[in-house]
Amino acid sequence: MEPLLDVKNLRVQFHTLEGIVQAVNGISFVVEKGKTLGIVGESGCGKSVTVLSVMRLIPEPPGKIYSGEVLFEGKDLLKLDMAAIQDIRGQKIAMIFQDPMTSLNPVLTIGKQISEAIIVHQKVGKEEAFKQTVNLLDLVGIPQPEARYNDYPHQFSGGMRQRVMIAMSLSCNPDLLIADEPTTALDVTIQAQIVELTKKLQEKFDMSVIWITHDLGVVAEIADRVIVMYAGYIVEEADVFNIFENPVHPYTLSLLKSLPRVDSRRYERLAIIPGSPPDCIHIPTGCPFMPRCGYAIEKCGLENPQLAYVEEDHKAACWVEVKNGRVE
């Protein structure tokens with residue numbers, strides 16, 4: 001079956017006074033209908049730039065999508081004019097941004113902001129938009145939705161503002177929902193509620209989801225398939241079970257080792273990844289993770305490995321194969 005979204009060889013750069021930032025370096029992935037793709041990695045690895053490119057929200061200048069295809073339902077979004085893209089945004093592809101307080105307009109009521117999208121995309125009157133908005137607020141678990149329709153963003157807690165953003169993204173029953181670190185600023189209890197809510201709504205509306213995060217615990221809960229990004233490259237891709245049970249890239253292994261575990265010893269220190277991510281203006285010739293890698297060999301500094309199959313439905317970009325913390 002043809003995937004809902006098929007990204008091929010996407011390259012994105014930003015021109016700055018210091019030089020050209022190579023934000024995304026020829027990545028490819030697919031999102032299946034009704035499935036969830038998790039994108040994980042440290043800050044600055046290209047996760048958000050990737051999905052902003054899908055939405056055509058990269059500011060030009062300084063950014064520019066240099067190459068690639070973004071096929072959504074068979075249409076290349078990179079070749080459509082802005083009028084056609086605006087019809088797709090919100091209606092076919094919706095996005096939940098990282099910080100709901102800065103994403104919501106502080107001088108408009110939340111009801112007004114949700115209704116606006118319904119009126120524009122569904123071509124309905126204000127009364128019908130009001131009914132749909134109230135139903136959406138109730139669906140995402142906001143109490144007394146009619147009374148809260150006229151409230152402003154500052155009158156909601158962080159978790160409730162995120163629910164408003166989810167209601168807004170669902171206002172036109174999109175086929176693809178992109179969630180850009182939607183639980184980062186929330187405490188763990190509210191995080192769990194947002195994850196459960198998203199799963200329930202995905203099943204109800206039969207949506208596909210791209211979930212961006214640096215929290216592997218959230219990925220384990222919600223994703224069907226995972227891609228791990230580093231310095232603008234995909235370094236590993238597999239189903240969620242293999243990512244956790246059989247990681248083969250040293251970076252993925254390092255991320256997993258840095259997670260706290262309930263079964264760890266009381267005084268056992270968490271593992272750390274030494275050093276810092278590379279400067280994306282001056283990405284090294286070889287593997288960008290080599291300076292921080294404990295398994296590096298001479299070839300790693302000479303040539304950047306390509307993403308390739310290590311076993312069926314499992315890809316990695318590494319010159320060595322690591323299993324159970326050992327080089328095979």
Side-chain angles (χ1 to χ4, degrees), residues 3-14 21-60 62-73 75-80 82 85-86 88-100 102-103 162 165-166 168-170 172 174-185 194-195 198 202 207-216 218-219 222-237 280:
L4 180 68
L5 180 72
D6 189 356
V7 176
K8 299 179 180 179
N9 195 34
L10 181 66
R11 293 184 179 273
V12 184
Q13 297 178 353
F14 291 87
V21 178
Q22 301 172 59
V24 177
N25 300 302
I27 69 170
S28 302
F29 62 90
V30 299
V31 180
E32 303 290 345
K33 293 179 180 178
K35 300 294 184 179
T36 298
L37 174 72
I39 304 179
V40 301
E42 292 173 284
S43 296
C45 69
K47 305 185 301 293
S48 295
V49 173
T50 297
V51 294
L52 288 173
S53 301
V54 170
M55 296 284 285
R56 294 277 299 276
L57 290 174
I58 296 294
E60 298 186 18
K64 184 174 178 61
I65 301 172
Y66 271 86
S67 69
E69 294 179 304
V70 178
L71 302 176
F72 178 75
E73 295 182 335
K75 295 180 181 179
D76 189 353
L77 301 184
L78 302 185
K79 294 181 179 178
L80 299 181
M82 289 312 297
I85 286 294
Q86 287 172 1
I88 290 173
R89 289 179 192 154
Q91 188 169 11
K92 291 284 189 177
I93 306 176
M95 189 165 180
I96 306 171
F97 294 94
Q98 184 171 349
D99 185 358
T102 56
S103 302
Q162 199 60 278
M165 288 296 298
I166 293 173
M168 188 181 299
S169 66
L170 296 175
C172 297
D175 297 313
L176 175 62
L177 176 65
I178 299 173
D180 186 3
E181 300 195 41
T183 61
T184 298
I194 296 299
V195 169
T198 305
Q202 178 183 16
M207 293 185 303
S208 298
V209 176
I210 297 177
W211 191 282
I212 297 173
T213 184
H214 55 257
D215 188 339
L216 286 166
V218 173
V219 166
I222 200 169
D224 297 298
R225 191 164 184 82
V226 182
I227 61 176
V228 182
M229 291 190 67
Y230 188 81
Y233 295 95
I234 294 176
V235 296
E236 187 162 2
E237 178 183 351
C280 286

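This one's a predicted model, so the numbers in the text were calculated from it and none came from an experiment.
Separation of atoms CD (Gln162) and CZ (Phe97) is listed at 11.0 Å; rounding is to 0.5 Å. In this structure, Ile166 CD1 and Thr198 OG1 are separated by 4.5 Å, a value rounded to the nearest 0.5 Å. For the atom pair Gln202 CD and Leu177 CG, the distance stands at 8.5 Å (nearest 0.5 Å). Leu80 CG to Phe72 CZ: the interatomic distance, rounded to the nearest 0.5 Å, is 11.0 Å. A distance of 5.0 Å separates CD1 in Ile65 from CG in Leu78, rounded to the nearest 0.5 Å. Distance check, rounded to the nearest 0.5 Å: CG of Leu71 to NZ of Lys79 gives 8.5 Å.
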Item to check | Residue pair Met55, Ile93: steps toward the side chain to side chain contact (heavy atoms under 4.5 Å, CB included) verdict | outcome: CA-CA 8 Å; Met55 296 284 285; Ile93 306 176; 3.3 Å; yes
Checklist entry - Under the side chain to side chain contact (heavy atoms under 4.5 Å, CB included) criterion, do Phe29 and Leu10 qualify, and how do the steps go? => result CA-CA 10 Å; Phe29 62 90; Leu10 181 66; 5.7 Å; no
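When all heavy atoms of Leu4 and Ser208 are compared, the pair lying nearest together is CD2-OG, 3.4 Å. Closest heavy-atom contact between Pro174 and Met207: O-CG, 3.3 Å. Heavy atoms only, all atoms of each residue included: Ala231 and Cys280 are closest at CA-SG, 4.4 Å. Annotation for Lys35 and Val31: closest pair O-CG1, 4.3 Å, computed over non-hydrogen atoms. When all heavy atoms of Phe14 and Gly63 are compared, the pair lying nearest together is CD2-CA, 3.4 Å.
Ser169 places no side-chain N or O within 3.5 Å of a backbone atom of Met95 that could act as its donor or acceptor partner. Checking side-chain atoms of Asp76 against main-chain N and O of Val70 turns up a donor-acceptor pair under 3.5 Å. The main-chain N or O of Arg56 is found under 3.5 Å from a side-chain atom of Arg89 such that the two form a donor-acceptor pair. Between the side chain of Thr213 and the backbone N or O of Val40, no donor-acceptor pair lies under 3.5 Å. A donor-acceptor contact shorter than 3.5 Å is absent between the side chain of Glu237 and the backbone of Ile227. A donor-acceptor distance shorter than 3.5 angstrom exists from the side chain of Asp224 to the backbone of Thr36, with no hydrogens or angles considered.
Between Glu32 and Pro3, some side-chain heavy-atom pair lies under the 4.5 Å cut-off. Inter-residue side-chain proximity for Leu37 and Leu5 is flagged as unmet; no heavy-atom pair is nearer than 4.5 Å.
The ring pair (Phe, Tyr, Trp, His ring centres under 6.0 Å) check on Tyr233 picks up nothing, with sequence neighbours excluded. Residues passing the salt bridge (Lys or Arg N to Asp or Glu O under 4.0 Å) test with Lys92, sequence neighbours excluded: Glu73, Asp175.
Under the side-chain hydrogen bond (donor to acceptor under 3.5 Å, both in side chains) criterion, the residue pairs touching residues 42-53 are Glu42-Tyr251, Glu42-Arg292, Ser48-Asp180, with sequence neighbours excluded.
Met229 pairs with exactly one of Ile27, Ile212, Val49 by the side-chain contact (heavy atoms from CB on, under 4.5 Å) rule, that one being Ile27.
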